Structures are given as structure tokens and as C-alpha cells.
> 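Shown below is the structure under consideration.
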Amino acid sequence: MAWALTPLTEEQREVQRVAREFAEREIAPFADQWDREQHFEPSIVAKLGELGFLGMLLPEQYDGLGLDMLTYLVALEEIATVDASIAVMMSVHNSLPTQMILRWGTDAQKERFLRPMARGDLLGAFALSEPDAGSDAASLRAQAVRDGECWVLNGTKAWVSSGPAAGVIVAMARTDSPGDRRGARGISAFILTPDLPGFHVGKKEDKMGLRASPTVQLVFDNLRVPAGNLLGGEGSGFIYAMQSLDNGRLGIAAQAIGIAEAALRNASRYAGERRQFGKPIKEYQAIQFKLADIATRVSAGRALLHAAATAKDRGEHVTQFSAMAKLFASETAMAATQEAIQIFGGYGYVKDYPVERLFRDAKVTEIYEGTSEIQRIVIARELYSRGGN
Ligand code: CAA
């Protein structure tokens with residue numbers, strides 16, 4: 001199959017093997033059924049927690065595996081190759097709420113949340129978007145008002161992956177006042193739990209793909225949050241969200257590469273089995289060229305992703321690199337799944353083979369955690385901010 005151009009260490013190969021075997025054994029037999037029934041399987045959260053895969057980037061002090069970004073992404077790709085719905089749950093949890101609490105949380109917040117999150121007892125979610133604030137995330141309107149020892153939140157968050165199953169949600173809300181709007185600097189981050197009074201799970205989305213990953217609105221109706229649940233500095237929530245999405249986008253890129261790799265494997269296997277005009281269709285150059293193009297794009301996408309992850313592991317600023325990796329990987333997932341369906345012909349258009357699900361799952365990687373258009377904006381802005389252009 002497509003090559004990993006970055007040589008993996010023995011430890012990384014071992015984590016990859018564990019992830020692959022877990023995905024094949026625990027997820028693959030059910031992936032189509034969960035997709036069909038829009039079923040979120042909570043036992044997978046517990047099993048991923050037992051494996052340590054929900055604390056991959058957390059230090060051992062908090063029961064995490066203390067792994068680097070590249071190793072985490074290698075495991076995530078393996079999960080995505082089998083089921084992109086499980087992969088997004090794993091990606092959001094590891095990349096966003098756990099990292100935000102680790103980086104900006106108080107000791108008390110870390111003590112309370114990180115160990116149960118690493119063990120899979122508390123699943124994490126991230127709530128930034130709203131019905132009227134998607135690409136323009138800084139225009140969000142959920143409002144938090146201080147009331148004694150609490151903050152009172154009102155508003156609706158949208159497109160929250162894992163929302164109804166989450167035990168911890170890092171949510172962004174405005175803490176500036178209507179008479180003194182401060183734009184991106186008027187937004188703060190809060191750690192929410194579903195038991196707080198005024199917390200409601202709203203509309204569940206009926207999605208094209210990732211149907212085994214529940215996506216919901218969250219409604220805050222005079223939601224009372226203890227003041228101790230403010231995450232980091234007041235007014236810094238948008239910056240935290242953006243910095244965290246630099247990590248999150250690497251996770252989505254790994255998910256997209258996993259989907260594309262699955263399309264390649266399915267299409268090349270099918271091309272060897274399917275016979276037309278007296279020979280297997282893999283013997284026709286038209287099919288060979290399609291497979292060659294998919295394989296090339298998958299390898300290029302993986303190489304870019306691994307380079308970005310390695311830069312992150314060296315402590316470099318990866319805003320531009322992660323946007324590039326996500327942009328390229330998600331467009332690769334779309335192209336690969338589309339061509340895989342073409343190779344399958346009519347059999348690709350029905351649910352008997354996984355490529356139909358892969359195609360539906362691929363599309364969202366060009367949309368969430370920043371659309372492809374937003375990635376291009378981020379990449380272009382970074383060209384100028386580095387000077388000389
Ligand atoms: N790292 C650090 N700081 C950053 C940053 C980054 N990557 N990006 C922006 N900032 C800072 C800026 O420096 C600026 O700080 P100052 O106040 O000090 O100047 C501040 O944040 C505001 O930045 P901008 O002026 O650039 O903000 P903007 O309003 O122009 O928006 C944007 C920039 C890149 C378009 C941003 O809004 C964006 O990324 N939009 C897409 C939102 C997104 O990805 N949403 C995904 C939601 S999660 C999800 O998909 C669901 C899921 O569960 C999977």
C-alpha cells in the first residue's frame with residue numbers, strides 16, 4: 001500500500017500495530033452497522049481508554065501515555081482506516097479538550113479532569129461554533145455573565161462532535177459586555193460538565209457521513225458554571241481555541257489520510273478481483289493510472305502530515321504546516337474516495353462495499369475544524385506574517 005515516507009521508530013511501529021489490531025478486531029466488524037443505525041458505541045470509548053488511546057498526548061503523571069504527536073497521529077490514522085467516526089471522537093478528545101486543560105488549566109482542574117479523561121471515564125468535546133458563527137468563529141454570541149461565585153451562560157453551540165456522550169466540554173463564550181465588545185479578545189473558555197444546571201443537549205444532526213459519531217447542538221439556558229471552571233485567562237478563549245486547532249487539524253489530517261488509505265486498499269483489491277472483457281480490471285491502464293494517482297496523493301499527504309507532526313514535536317510553530325496538512329489530506333480523501341467509487345462502478349454506488357461510506361465520511365474533512373477555504377486563508381496569512389512577501 002502507500003508508503004510511510006518518514007521512518008517510524010520501533011515504538012511507533014508497535015503503537016501502530018496495536019492500533020491496527022484493535023481497529024480490525026473491535027471496530028471493523030461493526031463499522032457498517034453503526035453507520036447505518038447512527039449508533040454511537042460507548043464501549044469503544046472504554047476500550048480505547050484501557051489501551052491508553054484517550055490519553056496519548058497526556059503525561060504519565062495524569063495516566064497518559066506521554067507520546068509525541070507523530071506517534072499519536074500514526075495510531076489515529078489506523079483507527080480512521082477502519083472507522084472515521086471513531087477516529088473523530090478520538091481526535092477531538094486527544095487534540096482539543098485534554099490538551100487545553102493540560103496547557104491552560106489550574107492544578108485543581110488538571111487533578112479533577114485529566115486522569116478520568118485519559119482512562120476513558122470522561123469523554124471530551126469542544127464547543128466553538130454556533131448556528132451563525134462557523135468560519136467566522138470570533139463572531140460567536142454565547143454570553144457568560146459573572147454572578148458571584150458563578151458564571152451564567154446563555155446561548156447555543158453547534159456541530160459539537162461527541163456532544164451527547166461527553167463528560168467534559170471545553171466551550172467558548174463571550175465574557176465582554178454588550179456595551180464593550182472586544183472581538184476575539186472578548187471570548188473566554190469554560191470547562192463544562194453535563195450535570196450543570198441549565199445544560200441541555202439540543203438537536204442531533206442527521207449527517208451525510210460520520211454517522212456513528214453523534215453531532216449535536218448544546219443549549220445553555222442560564223447555565224450556572226462555578227467560577228473555578230473558567231479555563232485560563234478571561235478574554236483568552238479564542239486564542240486558546242485557535243492554538244488548539246493547530247493540533248486538532250493535524251488529527252483531522254490523519255483521519256483523512258486513513259480514509260484515503262482505506263479507499264486505496266479497497267479499490268486495488270477490487271481491481272484485482274473484478275474481471276471485465278476477459279481479464280482483471282487492474283490490467284487496464286485506465287485503472288492502473290487511477291490507483292497510481294491515489295497512491296501518490298496518499299503518500300504525499302502522509303509525508304506532509306508526518307513532517308508537520310515532527311515539527312510540532314520539535315516545538316516549532318505549526319499553524320501554517322497544520323493547515324497545509326489538513327488541506328492536502330482532506331482533498332486527498334475526497335479525490336481518493338471518488339476515484340475508488342469509479343473503479344467499483346455500480347458496486348461503489350451501493351452499500352455492499354465500504355467505499356460508499358468512505359466517500360460520505362471523507363467530505364466532512366474538507367469542512368470541519370476549518371473549511372478548505374479557511375485553511376487557505378491561514379496558509380496565505382502565515383506567508384505574509386513571516387515577512388518578506
Ligand atoms: N495561534 C495563535 N493565535 C492565533 C491563531 C493561532 N493559530 N490564529 C489566530 N490567533 C490570534 C490572532 O493573533 C489574534 O490575536 P490578537 O488579538 O493578539 O491580535 C486573534 O487570535 C484573532 O485572530 P484573527 O484576527 O486572525 O481572527 P479572525 O476573526 O480573522 O479569524 C480565522 C481567523 C483563521 C478565520 C479563524 O476564525 C478560524 O480558524 N476559523 C475557522 C474556525 C474553525 O476551525 N472552526 C472549527 C470548529 S471545531 C469543529 O470543527 C467541530 C469538531 O468537533 C470537529
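Indexing begins at 1, ligand by ligand and atom by atom, following the structure's order. Note that the structure is predicted; figures quoted are calculated from it, not measured.
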> Whether K279 engages the ring of Y284 as a cation-pi pair (distance to the six-membered ring centre under 6.0 angstrom, angle to the ring normal within 45°) should be assessed.
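Verdict for Y284: a cation-pi partner in K279.
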
> Only heavy atoms of T319, strictly under 4.0 Å: list the atoms of ligand 1 that pass.
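Near T319, meaning under 4.0 Å from one of its heavy atoms, ligand 1 has 7 (N).
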
> Any heavy atom of I377 sitting closer than 4.0 Å to ligand 1?
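Checking ligand 1 against I377, which is what was asked, there is no heavy-atom contact under 4.0 Å.
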
> Right, does atom 13 (O) of ligand 1 have protein non-hydrogen atoms nearer than 4.0 Å?
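False for atom 13 (O) of ligand 1.
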
> Hey, is T371 touching ligand 1 through its side chain, its backbone, both or neither, going by heavy atoms under 4.0 Å?
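Contact part for T371 vs ligand 1: neither.
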
> Taking NZ, NE, NH1 and NH2 as the nitrogens, is one of them in R357 or D32 under 4.0 Å from a carboxylate oxygen of the other?
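Answer for the salt bridge query: yes.
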
> Could you check K203, K207, E205 and say which one makes a side chain to side chain donor-acceptor pair (under 3.5 Å) with T215?
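Going through the options one by one, the only one that passes is K207.
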
> Which residue and atom name correspond to the protein heavy atom nearest atom 51 (C) of ligand 1, and how close is it?
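In this structure, atom 51 (C) of ligand 1 has W159 O, 3.6 Å as its nearest protein heavy atom.
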
> Looking at atom 37 (O) of ligand 1, what's its closest protein heavy atom, distance included?
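Ranked first by proximity to atom 37 (O) of ligand 1 is S135 O, 3.3 Å.
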
> For ligand 1, which atoms have a heavy atom of V378 less than 4.0 angstrom away?
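Reading through ligand 1 atom by atom, the close ones are 34 (C).
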
> Where on R249 is there a heavy atom closer than 4.0 Å to ligand 1, on the side chain, on the backbone, on both, or on neither?
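The answer is the side chain.
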
> State whether any protein heavy atom lies less than 4.0 Å from atom 19 (O) of ligand 1.
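Given the 4.0 Å limit, the answer for atom 19 (O) of ligand 1 is no, no protein heavy atom qualifies.
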
> Pair E14, R17 - check salt bridge (Lys or Arg N to Asp or Glu O under 4.0 Å), show working.
CA-CA 5 Å; E14 175 61 13; R17 186 190 61 74; 2.5 Å; yes

> Any donor-acceptor pair under 3.5 Å linking the side chain of T365 with the backbone of A362?
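Such a contact is found between T365 side chain and A362 backbone.
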
> Could you tell me whether R185 and ligand 1 have an N or O pair separated by under 3.5 Å?
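It does: an N or O of R185 is found under 3.5 Å from an N or O of ligand 1.
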
> Looking at atom 32 (C) of ligand 1, is any protein heavy atom nearer than 4.0 Å to it?
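Given the 4.0 Å cut-off, atom 32 (C) of ligand 1 does not count as touching protein heavy atoms.
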
> Taking only residues two or more places apart in sequence or in another chain, which ones pass side chain to side chain contact (heavy atoms under 4.5 Å, CB included) with E273?
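Listed in chain order: R269.
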
> For ligand 1, is there an N or O atom under 3.5 Å from any N or O atom of G370?
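Such a contact does occur with ligand 1.
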
> Checking a contact table here: which protein heavy atom is nearest atom 50 (O) of ligand 1, and how many Å away?
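For atom 50 (O) of ligand 1, the nearest protein heavy atom is E369 N, 2.7 Å.
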
> Looking only at N/O atoms, are S161 and ligand 1 under 3.5 Å apart anywhere?
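Checking ligand 1 against S161, an N or O pair does fall under 3.5 Å apart.
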
> If you take the centroid of each ring, where Trp contributes its six-membered ring, are W159 and Y368 closer together than 6.0 Å?
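Centroid separation for Y368 and W159: 6.0 Å or greater.
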
> To the nearest 0.1 Å, how far is atom 1 (N) of ligand 1 from its closest protein heavy atom, and which atom is that?
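Scanning the protein heavy atoms, the shortest distance from atom 1 (N) of ligand 1 goes to Q243 CG, 3.5 Å.
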
> I need the minimum non-hydrogen distance between T193 and G167, along with the two atoms involved.
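Shortest heavy-atom contact: CG2-O, 3.5 Å.
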
> Please determine whether a side-chain nitrogen of the Lys or Arg among E369 and R249 lies less than 4.0 Å from a carboxylate oxygen of the Asp or Glu.
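So E369 does not pair with R249 through a salt bridge.
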
> Checking S236 side chain against I239 main chain: does a donor-acceptor pair fall under 3.5 Å?
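No, the answer is negative, given that no donor and acceptor are paired below the 3.5 Å cut-off.
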
> Taking 4.0 angstrom as the limit and counting only heavy atoms of S129, give me the atoms of ligand 1 inside it, by number and element.
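The list of qualifying atoms is 47 (C).
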
> Return the option from L245, L128, I239 holding the heavy atom at the smallest distance from atom 15 (O) of ligand 1.
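Answer by nearest heavy atom: I239.
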
> Checking the N or O distance criterion of under 3.5 Å, is ligand 1 in contact with R381?
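The answer is yes, given that R381 and ligand 1 share an N or O pair closer than 3.5 Å.
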
> When you measure from atom 23 (O) of ligand 1 to every protein heavy atom, which one gives the shortest distance, and what is it?
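The closest one turns out to be F238 CE2, 3.9 Å.
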
> Excluding sequence neighbours, so at least two apart, what forms ring pair (Phe, Tyr, Trp, His ring centres under 6.0 Å) with F344?
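For F344, the residues satisfying ring pair (Phe, Tyr, Trp, His ring centres under 6.0 Å) (neighbours in sequence not counted) are Y270, Y353.
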
> So S244 and Q99, do their side chains get closer than 4.5 Å, heavy atoms only?
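SC-SC contact between Q99 and S244 ruled out.
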
> Under 4.0 Å from a heavy atom of A184: which atoms of ligand 1 are those, numbered in the order shown and with their elements?
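Once the distances to A184 are compared, the set is 22 (C).
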
> Closer than 3.5 angstrom, by distance alone: can the side chain of K157 be matched with the main-chain N or O of M172 as a donor-acceptor pair?
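Yes, the answer is positive, given that a donor and an acceptor are paired below the 3.5 Å cut-off.
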
> Return yes if some donor-acceptor pair links the side-chain N/O of Q255 with the main-chain N/O of L76 below 3.5 Å, else return no.
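Answer holds: no.
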
> So which protein heavy atom does atom 29 (O) of ligand 1 come closest to, and at what separation?
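Among all protein heavy atoms, the one nearest atom 29 (O) of ligand 1 is A138 CB, 3.8 Å.
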
> What do you reckon, does S91 put a non-hydrogen atom under 4.0 Å from ligand 1?
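Heavy atoms of S91 never come under 4.0 Å of ligand 1.
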
> What atoms in ligand 1 come closer than 4.0 Å to a heavy atom of F126?
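Answer for ligand 1: 48 (S).
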
> What is the closest protein heavy atom to atom 42 (C) of ligand 1, and at what distance does it sit?
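For atom 42 (C) of ligand 1, the nearest protein heavy atom is G134 O, 3.8 Å.
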
> Among all protein heavy atoms, pick the one closest to atom 4 (C) of ligand 1 and tell me residue, atom and distance.
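Result for atom 4 (C) of ligand 1: M242 CB, 3.8 Å.
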
> If I take atom CD from residue Q320 and atom CD1 from residue I379, how far apart are they, to the nearest 0.5 angstrom?
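These two atoms lie 6.5 Å from each other.
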
> Out of all atoms in ligand 1, which are within 4.0 Å of some heavy atom of I374? Include the element for each.
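Contacts of ligand 1 toward I374, numbered from 1: 35 (C), 39 (O), 40 (N), 41 (C).
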
